[in-house]
Amino acid sequence: MNSLMAVLEPEAVVFQSAAKTSQEIVLILARKLERLGYVRPSFVDAVAERERTFPTGLKMQGGGNVALPHTDPCHVLKAGVALATLKESVAFANMEDPGERVGVDVVFLLAINDKDQQIETLQTIIATIQDAAAMRALKCARTLAEIKSVFG
């Protein structure tokens, strides 16, 4: 399995964001990816639309819930992942029960332009977020070095 560090864009990592809504944190991360040349200007709206139809909030055992917003490859110029940890949980619709809201602490915004890579990247993220110790370390991370130690 590849390390997430291979696709995580260091300049698109936000530590302890004060964002109050899922839309706000997605916009913050999407704008970073856009400025860095990863995504088209249409990306942020496409992610928001997809999130309404196919929500990505995930409840994790032991807390540390995550969201994995993404959209179609046509909005992506090159593959990358933006990451945000949140000061306070932000509500995302639950992937498994869209009528339920999930308080999310970590957001992985995926800019993937290849379906095979999307599956591989998701598998890498899922392996990390299923590890309670890794999630605690990720939530507390304040530097890129601390993030790298989580994803190895």
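These numbers were taken from a predicted model, which means no experiment stands behind them.
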Which pair of heavy atoms, one from [X] and one from [Y], lies closest together, and at what distance?
X: A67; Y: V104; answer: N-CG1, 3.6 Å
X: R101; Y: A91; answer: NH2-O, 3.3 Å
X: V26; Y: P69; answer: CG2-CG, 4.0 Å
X: L77; Y: N113; answer: O-ND2, 3.6 Å
X: A12; Y: L33; answer: CB-CD2, 4.0 Å
X: I112; Y: G80; answer: CD1-O, 4.4 Å

Gap between atom [atom2] of [Y] and atom [atom1] of [X] - 0.5 Å precision:
X: N65; Y: N94; atom1: CG; atom2: CG; answer: 8.5 Å
X: I119; Y: T124; atom1: CD1; atom2: OG1; answer: 12.0 Å
X: R136; Y: D131; atom1: CZ; atom2: CG; answer: 8.0 Å
X: H70; Y: H75; atom1: NE2; atom2: NE2; answer: 12.0 Å
X: L58; Y: E96; atom1: CG; atom2: CD; answer: 6.5 Å
X: S22; Y: L86; atom1: OG; atom2: CG; answer: 10.5 Å

Determine yes or no for a side-chain-to-main-chain donor-acceptor pair under 3.5 angstrom, with [X] supplying the side chain and [Y] the backbone.
X: R40; Y: C74; value: yes
X: Q130; Y: A127; value: no
X: R142; Y: C140; value: yes

Exercise for the section: Show the numbers, then the answer: is there a side-chain contact (heavy atoms from CB on, under 4.5 Å) between D105 and K139? Expected result: CA-CA 7 Å; D105 301 304; K139 280 174 45 175; 3.7 Å; yes

Practice task
Decide yes or no on side-chain contact (heavy atoms from CB on, under 4.5 Å) for T121 and L110, but give the supporting numbers first.
Solution key: CA-CA 9 Å; T121 301; L110 311 178; 4.2 Å; yes

Please answer: with hydrophobic residues joined when any side-chain heavy atoms are less than 4.5 Å apart, are [X] and [Y] in the same cluster?
X: F15; Y: I25; result: no
X: V13; Y: L36; result: no
X: V47; Y: V76; result: yes
X: V7; Y: L109; result: no
X: L138; Y: L122; result: yes

In the structure I gave you, are the side-chain heavy atoms of [X] and [Y] within less than 4.5 Å of one another anywhere?
X: I129; Y: I126; value: yes
X: D72; Y: F43; value: no
X: L8; Y: I147; value: yes
X: V14; Y: T85; value: no
X: F92; Y: V107; value: yes
X: D97; Y: V102; value: no
X: V44; Y: R31; value: yes
X: Y38; Y: E9; value: yes

Practice task
Begin with the C-alpha distance, continue with both residues' side-chain angles, and end with the deciding distance and a verdict on side-chain contact (heavy atoms from CB on, under 4.5 Å) for K32 and E11.
Solution key: CA-CA 8 Å; K32 284 185 173 290; E11 291 183 49; over 6 Å; no

Problem - E100 with K59: basic N within carboxylate O range, under 4.0 Å - result: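 Counted as a salt bridge, because a side-chain N and a carboxylate O are separated by less than 4.0 Å.
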
Exercise for the section: Apply side-chain contact (heavy atoms from CB on, under 4.5 Å) to M60 and M135, showing your working. Expected result: CA-CA 10 Å; M60 303 307 297; M135 283 306 295; 5.5 Å; no

Exercise for the section: Verify the distance criterion only: is there a donor paired with an acceptor across the side chains of E51 and T56 at less than 3.5 Å? Expected result: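 Yes, because at least one side-chain N or O of E51 sits under 3.5 Å from a partner of the opposite role on T56.
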
Problem - Heavy atoms of other groups near E24 CD, more than 12 under 6.0 Å - result: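 Count over threshold, so yes.
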
